[in-house]
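Below: the structure, in structure tokens.
In each ligand, atom 1 is the first atom listed, and ligand 1 is the first ligand listed. This one's a predicted model, so the numbers in the text were calculated from it and none came from an experiment.
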Amino acid sequence: MSVSENLAYINEKIEQACEKANRKIDEITVIGVTKYVTIERTEELIAAGITNLGENRTEEFLHKYGEIGDRANWHFVGTLQSRKVKDVVGKVSAIHSLDRLSVAKQINNRSDDPVDCFVQVNVSGEESKHGLNPKEVMSFIKELEQYNRVKVVGLMTMAPHVDNKAEIRTVFRKLRNLRDDVMNQNFSHAPCKFLSMGMSNDYEIAIEEGATHIRIGSKLVGS
Ligand SMILES: *Cc1c(COP(=O)(O)O)cnc(C)c1O
């Protein structure tokens with residue numbers, strides 16, 4: 001399938017999910033995750049109209065950024081090591097995986113301007129997943145106030161790989177409730193309006209539960 005055919009299908013599903021949830025389509029940002037594919041395939045995605053791209057490894061990000069540069073808005077969606085922060089600041093529109101103060105400190109040291117960050121939460125509690133325990137999120141975000149170049153724009157999570165849709169929905173709903181709690185604090189460093197959740201297998205459920213940023217790889221560009 002061509003990227004534009006995949007995108008047409010996904011856009012239709014997004015539209016249906018929005019209708020069901022009484023939301024507007026322009027509330028949803030589609031991030032095309034290009035980690036599996038070549039520059040050529042990534043160019044097809046840009047040509048199809050997707051300009052928000054996601055990568056999860058610094059090496060691959062730098063490779064693609066070298067070719068594509070600022071023709072796309074880049075989202076760093078993978079775990080970021082402190083020593084790699086310098087490779088991405090100034091190049092990415094947002095970091096979706098903040099879950100350590102050491103990384104926040106590096107962002108603060110390495111950037112001249114505030115960097116949009118999503119705090120990653122391990123809602124499902126799976127050991128294999130990165131992110132904070134939901135109970136730690138509020139105090140973590142309070143601590144981030146000392147780093148004035150870290151701006152918490154939202155929360156991010158990954159749902160478990162299960163067939164049980166109710167279980168996936170519960171995970172997304174918990175993230176949304178947590179987002180509401182943070183937003184209601186009116187922190188100036190953490191407006192926390194956004195929810196980065198939903199991937200190829202669960203983006204429709206995520207939209208129904210309030211996602212603003214969906215990260216789609218395999219169903220869009222193949223794997
Ligand atoms: C790979 C990846 C995605 C996209 O996954 P698909 O299931 O292929 O859509 C989204 N988010 C993160 C953090 C990823 O690593």
Pair Glu59 + Lys84: basic N to acidic O under 4.0 Å: yes
Carboxylate-amine/guanidinium proximity below 4.0 Å for Arg169 and Glu208: yes
Non-hydrogen side-chain atoms of Val92 and Tyr65 separated by less than 4.5 Å: no
Atom pair CH2/CD1 of Trp74 and Ile31 - distance to nearest 0.5 Å: 12.0 Å
Parallel, tilted or perpendicular: ring planes of His96 versus Phe118, cut at 30 and 60 degrees: parallel
Electrostatic pair Glu60:Arg57 at N-O distance under 4.0 angstrom: no
Please tabulate, one line per pair, the protein nitrogen or oxygen atoms found under 3.5 angstrom from a nitrogen or oxygen of ligand 1, with distances to 0.1 Å, or say none if there are no such pairs.
{"residue": "ligand 1", "atom": "8 (O)", "partner": "Tyr36", "partner atom": "OH", "Å": "2.8"}
{"residue": "ligand 1", "atom": "8 (O)", "partner": "Ser218", "partner atom": "N", "Å": "2.8"}
{"residue": "ligand 1", "atom": "8 (O)", "partner": "Ser218", "partner atom": "OG", "Å": "2.9"}
{"residue": "ligand 1", "atom": "9 (O)", "partner": "Ser200", "partner atom": "N", "Å": "3.0"}
{"residue": "ligand 1", "atom": "9 (O)", "partner": "Ser200", "partner atom": "OG", "Å": "2.6"}
{"residue": "ligand 1", "atom": "9 (O)", "partner": "Gly217", "partner atom": "N", "Å": "2.8"}
{"residue": "ligand 1", "atom": "11 (N)", "partner": "Arg215", "partner atom": "NE", "Å": "2.8"}
{"residue": "ligand 1", "atom": "15 (O)", "partner": "Lys35", "partner atom": "NZ", "Å": "2.7"}

